[in-house]
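Let me begin by presenting the structure, written as structure tokens, before commenting on it.
What you see below is based on every heavy atom in this structure, not just the backbone, and it leaves out hydrogens, waters and symmetry mates. Just so it is clear, the structure is predicted and the values come from calculations on it, not from any experiment. Throughout, a chain's letter reflects where its sequence line sits, starting with A, and its residues are numbered from 1.
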Number of protein chains: 2
Amino acid sequence: MPRLLGMELRGHLDLLLLGTLHQTGPVHGYALIVALRDRSDGAFKLPEGTVYPALHRLERDGLIDSEWYTGKPRRRRVYRLTPSGAAALTAKRREWRTFARGVQAIVEPDVREGWA
Amino acid sequence: MPRLLGMELRGHLDLLLLGTLHQTGPVHGYALIVALRDRSDGAFKLPEGTVYPALHRLERDGLIDSEWYTGKPRRRRVYRLTPSGAAALTAKRREWRTFARGVQAIVEPDVREGWA
DNA sequence: ATTGACACCTAGGAAGCCTATGCCTAGGTT
DNA sequence: AACCTAGGCATAGGCTTCCTAGGTGTCAAT
């Protein structure tokens, strides 16, 4: 029997969340959704039912932590990357590169651009 | 409520299978596993329990079809891309580019190098 | 004779994501 | 006043996907 894959075929959502959080600094969930949409140029319009549970999962796993901000306009839960989360981001970034390179090789093997 | 995503976060397996099949021409499942491993430079060592059910699913959906080859060394089920499958490949390729560009923007915003 | 590569298959479960829904506040419109 | 829209959080339930872990059997080499 073949061994474990080691390479994630899915689960790129965590990478996206962690990566955005790293770019923006501490933000609340809804802002994360907006940032993800804007920074991906509209590619990632993640529904709330996707993002909030994912954030809970990431917090449960210690990759982010949160704090209630009870301030002027509305109450918000502000998330922050933990050291462990930053490390995970680095690892997932590397995994992503491997994954993307692999897919690229399979999917568009003829990227020579030699159109002449 | 946010609308449908339209963008697949997972499901890249189908793209890989279809893409490999397109490169190799008609092949049997096991050869597909080997091709996927070799062409991805070792990134995709897919277990049989992943590939065979996926092939059945693709066939069920009409994207590939198959034929038993009862020949010299061993019996094999040879799969072939259908026209509908080729169309799906084109669509999924485009989706992949959007997806990859999006992730790239989130994850490594400081790389211009546009590979797509 | 036993190992290992080849070749197919399925059941079952874990995890992921999305739909749909709920609650609440603030600001604007009618 | 009543309504709507955007902001903000949350959960339940279902569907799909992938992988683990088995199973069957052939063929070549040690």
- What's the OH-C1' distance between A:Tyr79 and D:dG8, to the nearest Å? 11 Å

- Task: Choose from C:dT19, D:dT20, C:dC17 the nucleotide whose nearest atom is closest to any side-chain atom of B:Pro47.
- Result: D:dT20

- Item | B:Glu48 side chain vs B:Tyr30 backbone, donor-acceptor pair below 3.5 Å | no

- Figure out the OH/P separation between A:Tyr30 and D:dG7, and round it to whole Å. 4 Å

- Is the phosphate of D:dT26, meaning OP1 or OP2, less than 4.0 Å from a side-chain N or O of B:Arg74? no

- Task: Check whether any side-chain nitrogen or oxygen of A:His56 sits under 4.0 Å from OP1 or OP2 of D:dT11, and answer yes or no.
- Result: yes

- Can you check the B:Leu17 CG to D:dT17 C1' distance for me, whole Å? 13 Å

- So does B:Arg77 get a side-chain nitrogen or oxygen closer than 4.0 Å to the phosphate oxygens (OP1/OP2) of C:dC9? yes

- Taking OP1 and OP2 of D:dT16, is either one under 4.0 Å from a side-chain nitrogen or oxygen of B:Arg57? no

- Evaluate salt bridge (Lys or Arg N to Asp or Glu O under 4.0 Å) for B:Asp14 paired with B:Arg57, printing each intermediate quantity in order. CA-CA 9 Å; B:Asp14 291 1; B:Arg57 200 181 62 236; 2.5 Å; yes

- Round to the nearest Å and state the distance from A:His12 atom NE2 to C:dG16 atom P. 13 Å

- Go through the side-chain N and O atoms of A:Trp96 and B:Glu108 and say whether any donor and acceptor fall under 3.5 Å apart. no

- Message: Judged by each residue's nearest nucleotide on DNA chain D, which is more toward the 5′ side, A:Arg75 or A:Gly49?
- Response: A:Arg75

- Message: Please tell me whether A:Ser66 and A:Arg77 have a donor and an acceptor in their side chains that are separated by less than 3.5 angstrom.
- Response: yes

- Query: Hey, does the side chain of A:Arg76 come within less than 4.0 Å of C:dT25's phosphate (OP1/OP2), counting only N and O?
  - Reply: no

- Message: Using whole Å, what does the distance between atom P of nucleotide C:dA11 and atom CD of B:Glu48 come to?
- Response: 17 Å

- Message: Measure CG/A:Asp14 against P/C:dG16 and give the value in whole Å, please.
- Response: 7 Å

- Residue mapping more 5' on DNA chain C - nearest nucleotide basis, B:Pro73 or A:Arg60: B:Pro73

- Query: Starting at NE2 of B:His28 and ending at P of D:dG25, how long is that distance when rounded to a whole Å?
  - Reply: 20 Å

- Under-4.0 Å side-chain N/O to phosphate OP1/OP2 contact, B:Tyr52 with C:dC8: yes

- Between the main-chain N or O of A:Asp65 and the side-chain N or O of A:Thr82, is there a donor-acceptor pair closer than 3.5 Å? no

- Task: For B:Arg37 and C:dA5, give me the distance from atom CZ to atom P, rounded to whole Å.
- Result: 10 Å

